[in-house]
Number of protein chains: 2
Amino acid sequence: MENKKKSTIKDIAAVLGLTPSAVSKALSDHPRISEKTKLAVKETAIKLDYQPNYLSSALRKGKSNLVGVIIPRVNSHFFSSVMENIEKTLNLNGYNIIMTQSNELYAKECQEIDTLLKIQVDGIIASMANETTDLEYYKKIKSKTELVLFDRGEEELNVDYVGIDDYKSSHLVVDHLVSQKCSRIAHIAGFKHIRIYKERIRGYKDALEKSGLAAPDNWIIESNLRLEDGRRIMQQLLDSPERPDAVYVAGDIAALGALQILLENNIKVPEEIALIGFSDEPFTSLTQPSISTVNQHSDQIGKLAAEAFLQRITNPKQKINRIILEPELIIRQSSNRNLK
Amino acid sequence: MENKKKSTIKDIAAVLGLTPSAVSKALSDHPRISEKTKLAVKETAIKLDYQPNYLSSALRKGKSNLVGVIIPRVNSHFFSSVMENIEKTLNLNGYNIIMTQSNELYAKECQEIDTLLKIQVDGIIASMANETTDLEYYKKIKSKTELVLFDRGEEELNVDYVGIDDYKSSHLVVDHLVSQKCSRIAHIAGFKHIRIYKERIRGYKDALEKSGLAAPDNWIIESNLRLEDGRRIMQQLLDSPERPDAVYVAGDIAALGALQILLENNIKVPEEIALIGFSDEPFTSLTQPSISTVNQHSDQIGKLAAEAFLQRITNPKQKINRIILEPELIIRQSSNRNLK
DNA sequence: TTTATTTGTTCCAACGTTTGAACAATACTA
DNA sequence: TAGTATTGTTCAAACGTTGGAACAAATAAA
């Protein structure tokens, strides 16, 4: 015989012979309530295990103090680290977050957006799914609540954004590979319709050109950057008439797949083919050889995205923020020919 | 000049010259509302981009259709897969989930519980943090809403539970190691105060005894099972006067740490020391050598936990479910002496 | 034609909290 | 001692939605 009874402000009022409004004011430290009453109210609140009903207060105040976060997938160090830092920053400011994942699917993303809007979140912080090309749903968010994007976001939406300089990242990667005497550099890329991957491709091309190099068009291969994509494309590159002597992969997981294929084919990394990934996922330092990669500063991105949201809530009409962080190349064994 | 104006049932009513309650009934297909009115209402709802206000309806109905999920950390294949399957199952039944992570910290866990209760979720599905020994907060959940536990849960709480047979898992592991002619088997364990780890330890001891083996007490070493714990303890075992010839690690991440130390010390795995982890995290198949491990059926656990919740919501007084799944030993290179 | 039934709608109270206004009681000022 | 200020509380309306009861109009049954 269980009774899942939640106590309300009324119950406290009844115990103390007060009105609900007196209790409400006491709980929120209203100046006109006597210290004695406040103390009594707070004691009974604890005694009755009172939990404020968020639904009613949010309804009344028109503010939920809830922020929705949409990420492509939770099972990635980059995204979960961003997540954690968003949460940490917002918690300090009295907000709670609802995290959802799109699984890189447009349909799921739309569904999550609808749910979050229904819940009346005070804002949404998101990184777009790989599949997303239609921006309608994001425009819908914009018309209903605050929106901050990070990492994967489109300029067209004209909202606050935090990310790294993807164009420059490719320069760091290519310049380093060139310094390692690589000259036939292929690029396992993300889909060009996503801005960050487009920028990485653009940076890759420009950096090659700067060094007087050029890559055949079929050395830029777009994909979803999953493990199996990395494997498939690396095999494809190995089978091509002229093999590259370096491969720049736009994501670490795909880079791992590529590394597997290289090892399975007994190709020496980095001597025969050098390899560089993207994101600094923890496993890149654990593989044999360890994988060079680009650090995207996930901790800072989360913090900055949360702060951008907080600023916008405080002052909705301030001008749009675009925060672009400096990428950092982490050189490990897979691209360091000097070390070995 | 933006107007983040949300339209309400009142706006629709005003447009059509109806009352809000007529609109509400039309939207929920009340039988007494004429088809004509329903059509008109639904059209205007779309035209005005009407989004039902979840706060008010949840408040009124006393049901939020929101379920809180608390997991120790999101960045683990096991937990994120459970998560995904909980979400999938609950979504099909009209529920949305709010996922939170405790980061294995008791304080964070309590905070998350309070938030979820404040939000008035219809139930909580959780796996306890490593740190948690005091069950007060879980009893609090029980007194306020429905609670389902998975993987890490205590029997004392007497709530629905889904997990695997940890005692048996250890038997599978030890029996396999014995079949590989290992006789000095150490155990890098989780903390004994957590039931699942206690069970793994108990199974390990009993299985050893069954095979006429015994391990010195200092070969059962409890820890948080993080990467660095695995490294530290493995080093400790290597430095001990009599080295083990097999190590059974109660978590994959710690097993990876142990493997790193073994490789750094040029110890042949599995010939000199065999290694087995726990959870079937994806990276276990990617290491060199690949790591044997125990499959916990994360997909099923999520589905079953969600179903347990749904059943309890429908029928609060049905008797407590304890669903125990069969563990599955996945034999890979790190423990297979025959293969090599 | 009167009475009963069905249909489509409005009315109203409620969910739990918040907040400005109103009020009574006490304390301070002239 | 009357008048004003201060203090501590209650009152009442509101947030948006819901759902039972009430009601009027149209239709069916007697």
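By convention in this document, chain letters (A, B, ...) are assigned in the order of the sequence lines, proteins followed by strands, and residues within each chain are numbered from 1.
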[X] with [Y]: basic N within carboxylate O range, under 4.0 Å:
X: B:R152; Y: B:E104; value: yes
X: B:E307; Y: B:K303; value: yes
X: A:E112; Y: A:K108; value: yes
X: A:D29; Y: A:K42; value: yes

If you round to the nearest 0.5 Å, how far is CG of B:L304 from CZ of B:F150? 12.0 Å
Rounded to the nearest 0.5 Å, how far does CD of B:Q51 lie from NZ of B:K6? 9.5 Å
So, using side-chain hydrogen bond (donor to acceptor under 3.5 Å, both in side chains) as the criterion, who are the partners of B:S81 when residues are at least two apart? B:S298
Write down the distance between [atom1] ([X]) and [atom2] ([N]), rounded to a whole number of angstrom.
X: A:I119; N: D:dG16; atom1: CD1; atom2: P; result: 18 Å
X: B:I9; N: D:dG19; atom1: CD1; atom2: P; result: 11 Å
X: B:L117; N: C:dG16; atom1: CG; atom2: C1'; result: 16 Å
X: B:L59; N: D:dC15; atom1: CG; atom2: P; result: 14 Å

Would one find more than 12 heavy atoms of other residues, nucleotides or ligands at under 6.0 Å from atom NZ of B:K139? yes
In residues 37-57 of chain A, which residues come under 4.0 Å of DNA chain D by heavy atom? A:T37
Does anything in residues 11-36 of chain A reach DNA chain C, meaning a heavy atom under 4.0 Å, and if so which residues? A:S21, A:S24, A:K25
